[in-house]
Asker: 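Following this message is one structure expressed as structure tokens.
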There are 2 protein chains.
Amino acid sequence: MLQNADPLNLCLLKVSCADCTLRELCLPRRLEPIELTQLEGIVRHRRPLQRGEVLYRRGEPLRALYAIHSGSVKVHMPASGGGEQVMGFHLPGNLLGLDGCGTDSYTCTAIALETTSICELPYARLESLCALVPGLNREFRRLMGRVIGAEQAMLLMLGNKKAEERLASFLIHLSRRYCERGFSPLRFNLSMSRHDIGNYLGLALETVSRQFAHFQEAGWISVDRREVSIHQLDALEKLVTHTLEEETGNIA
Amino acid sequence: MLQNADPLNLCLLKVSCADCTLRELCLPRRLEPIELTQLEGIVRHRRPLQRGEVLYRRGEPLRALYAIHSGSVKVHMPASGGGEQVMGFHLPGNLLGLDGCGTDSYTCTAIALETTSICELPYARLESLCALVPGLNREFRRLMGRVIGAEQAMLLMLGNKKAEERLASFLIHLSRRYCERGFSPLRFNLSMSRHDIGNYLGLALETVSRQFAHFQEAGWISVDRREVSIHQLDALEKLVTHTLEEETGNIA
DNA sequence: CGCCGGATTGACTGAATTCAACCGTCGTGG
DNA sequence: CCACGACGGTTGAATTCAGTCAATCCGGCG
């Protein structure tokens, strides 16, 4: 694959959206080839971020949106009492920065959880392009809509699920996302700490640890440090869907 | 005011967006007069909804977005175990249905909490118009961005606030929204039940009731049935901001 | 007048947080 | 190369906040 031609120097590499394996997950989802070319025209590639490096910071002006090409990113904002609230974890193909579209400045801070390469979409140019390319405009709107839907799914979770169900949901969701990206849905590495998971799910990190142990004792999964194997996905799913709702799939 | 000329038959009345007192809160926020006229061209006015009537239902195709002209609307979706999760309460000037933009069908169900008059924006026409009117496109995007920000604020609340803080936040938020709309920020009527409030905040209705009592004993507020008077807004605010974060204001 | 739904209040229960000790791994520096 | 410290994770015990169950109240409506 083209994008592997220069693995040591990704920053100089122009991966075309058309060739990108993530196309179907990313903004270009349903663009016509010509529209895709236009979009590619504004994409910039930056030096990969190292673990812990900040992509953008809350309060900064909305200069650009960022698509993850590889790696993963944690998005969080300050909470009352000096704490933080993790708002989400983003994987390749996800688009970051949309939270800033309302106020023209980021409301969250985005940090790389591992070495992460990014495609940058300068916002002003993206907006101009949207005005010219109806398909892009539509896809962008759709993407925002899906973000809204995903956040609602999260609200639903925090609103009425117990610790056990939350962690099960979390694992299932991650599993699906990895699967969509061509990784194994049954064996993957968590790029975030227990602390981050707990914070994201509205739980104490000890609770996360205990629930992991609980799932493991039950034989549903194995966990070793950051490595998770899922043995009985259906068992986890049964936990989540007492009666059932179709999940508003993950997005951005 | 024009919109009061025919109070018994609002459905036949065309309230122009330009004359609407809610203009600054609604989609037309920063449109040029000419853009405003174009937007007005697609707005349809429907018969007012009675309490309990459904505006749209989860799963229905996204035919239109709806702006509330007067009244209030509850938006909810089914939760696991046959329950419901209340996703939000909407006041005049708010735009509903954006959750459907991701999938082209509504993910929530919207129900009038009282007699409510609505402006309907057929989605196909709105999309076409956005393509033609850059200002509208920008405002619409901004609006979606603000919805994302508001949902994040809600996630933050459900993620790490205690019952007391949640209800205080809720009251402060309502107070601000009423204020923006020209109503008293210190005395207003709740159009939703304790059950709805609790569900929305991720609390049992009894907890809501108790926290109301608690605030009342402390002298911060008075509650009688659905009528709330706030005596010490600052006390409520102090509860919410241990250290402080600026709230991502309410929206859609 | 009596019923019904919404709201309040109380007692009890339990799930999850908090506090605390402990373990294992990794990275650093002697 | 090994020792040490730091960090992340696990585990246990005690506490607490909020949920559940249940009785009662209140106002509105038939």
Side-chain angles (χ1 to χ4, degrees), chain A residues 50-52 74 79-86 111 113-114 157-171 189-218 221-228 239 242, chain B residues 50-52 74 79-86 111 113-114 157-171 189-218 221-228 239 242:
Chain A
Q50 296 306 311
R51 174 183 156 82
K74 171 178 80 168
S80 34
E84 301 252 299
Q85 174 66 39
V86 175
I111 300 192
L113 287 169
E114 58 193 308
M157 177 140 110
L158 295 182
N160 58 32
K161 289 220 204 315
K162 305 222 160 297
E164 192 184 40
E165 304 170 290
R166 292 188 196 185
L167 193 61
S169 286
F170 177 73
L171 288 173
N189 266 81
L190 303 172
S191 54
M192 71 296 283
S193 68
R194 301 288 190 272
H195 176 85
D196 285 340
I197 296 172
N199 187 305
Y200 176 60
L201 297 175
L203 301 170
L205 75 170
E206 294 95 331
T207 306
V208 173
S209 196
R210 275 187 256 269
Q211 291 300 333
F212 270 136
H214 168 214
F215 289 160
Q216 191 156 19
E217 283 159 28
I221 66 171
S222 312
V223 210
D224 178 40
R225 296 292 275 178
R226 299 271 176 110
E227 184 161 315
V228 176
L239 266 187
H242 290 132
Chain B
Q50 297 304 311
R51 173 184 158 80
K74 172 178 80 169
S80 36
E84 301 252 297
Q85 173 67 39
V86 174
I111 299 193
L113 288 169
E114 58 192 309
M157 179 141 108
L158 295 182
N160 58 33
K161 289 218 204 313
K162 307 221 156 299
E164 192 183 41
E165 305 170 290
R166 291 188 197 186
L167 194 61
S169 286
F170 178 73
L171 288 173
N189 267 81
L190 303 171
S191 55
M192 70 295 283
S193 68
R194 301 287 191 272
H195 176 85
D196 286 340
I197 296 172
N199 187 305
Y200 177 59
L201 297 176
L203 302 170
L205 74 169
E206 294 94 330
T207 305
V208 173
S209 198
R210 274 187 256 269
Q211 291 299 333
F212 269 137
H214 168 214
F215 290 160
Q216 192 156 19
E217 284 160 27
I221 66 170
S222 311
V223 210
D224 178 40
R225 294 294 274 180
R226 300 270 177 113
E227 183 160 315
V228 176
L239 266 186
H242 288 131

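Chain naming here is simple, since letters A, B, ... match the order of the sequence lines and numbering starts at 1 in each. From a predicted model like this one, the values you see are computed outputs, not experimental measurements. Values below: every heavy atom of this structure, side chains too, minus hydrogens, waters and symmetry copies.
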Asker: 5' to 3' on DNA chain C, which nucleotides open and close the contacts with chain A (atom under 4.0 Å from a heavy atom)?
Answerer: C:dA16 to C:dA20
Asker: Using atom CZ of B:R194 as one end and atom P of D:dT20 as the other, report the distance to the nearest whole Å.
Answerer: 19 Å
Asker: Whole angstrom is fine here: how far is it from CD in A:E227 over to P in D:dG9?
Answerer: 14 Å
Asker: Counting any heavy atom closer than 4.0 Å, what does A:R166 reach on the DNA or RNA strands: base, sugar-phosphate only, or nothing?
Answerer: nothing
Asker: Hey, what do you get for OG1 (A:T207) to CZ (A:F212), rounding to the nearest 0.5 Å?
Answerer: 12.0 Å
Asker: Write down the atom of A:V86, the atom of A:Y200, and the distance for their closest heavy-atom approach.
Answerer: O-CD1, 3.5 Å
Asker: For A:L203 and D:dG9, give me the distance from atom CG to atom C1', rounded to whole Å.
Answerer: 16 Å
Asker: Grab the CG-C1' distance between B:L167 and D:dG19 for me, whole Å please.
Answerer: 16 Å
Asker: Check each residue of residues 204-216 of chain B for a non-hydrogen atom within less than 4.0 Å of any atom in DNA chain C, then write out the ones that pass by number, or none.
Answerer: B:E206, B:S209, B:R210, B:A213
Asker: Looking only at atom types and distance, does a side-chain atom of A:R51 sit under 3.5 Å from a main-chain N or O of A:I111, one as donor and one as acceptor?
Answerer: no
Asker: Any donor and acceptor pair, going by atom type alone, linking the side chain of A:N160 with main-chain N or O of B:N199 inside 3.5 Å?
Answerer: no
Asker: Do A:H214 and A:Q211 have a side chain donor and acceptor closer than 3.5 Å?
Answerer: yes
Asker: Would you tell me whether B:K161 and A:S80 have side-chain atoms, one donor and one acceptor, within less than 3.5 Å of each other?
Answerer: yes
Asker: If each of A:K162 and A:D224 is mapped to the nucleotide of DNA chain D with the nearest heavy atom, which maps nearer the 5' terminus, i.e. the 5' end?
Answerer: A:D224
Asker: Considering non-hydrogen atoms only, spot the tightest contact between A:A79 and A:Q85 and give its length.
Answerer: CB-N, 4.1 Å
Asker: Measure from CD1 on B:I197 to C1' on D:dG19 and round the result to the nearest Å.
Answerer: 18 Å
Asker: To the nearest 0.5 Å, what is the distance between CZ (B:R166) and CG (B:L203)?
Answerer: 5.0 Å
Asker: Between atom CZ in A:R226 and atom C1' in D:dT10, what is the gap in whole Å?
Answerer: 14 Å
Asker: Locate the shortest heavy-atom distance separating A:L158 from B:L158; write the atom from each residue and the value.
Answerer: CB-CB, 3.8 Å
Asker: Can you tell me how far apart CD1 (A:I197) and CG (A:L190) are? Round to the nearest 0.5 Å.
Answerer: 5.0 Å
Asker: Any donor and acceptor pair, going by atom type alone, linking the side chain of A:E227 with main-chain N or O of A:D224 inside 3.5 Å?
Answerer: no
Asker: One character per nucleotide, please: for nucleotides 23-30 of chain D, 5' to 3', B when the base has a protein heavy atom closer than 4.0 Å, S when only the sugar-phosphate does, - otherwise.
Answerer: --------
Asker: Across the strands shown, which category fits B:G198 at heavy-atom distances under 4.0 angstrom: base, sugar-phosphate, nothing?
Answerer: nothing
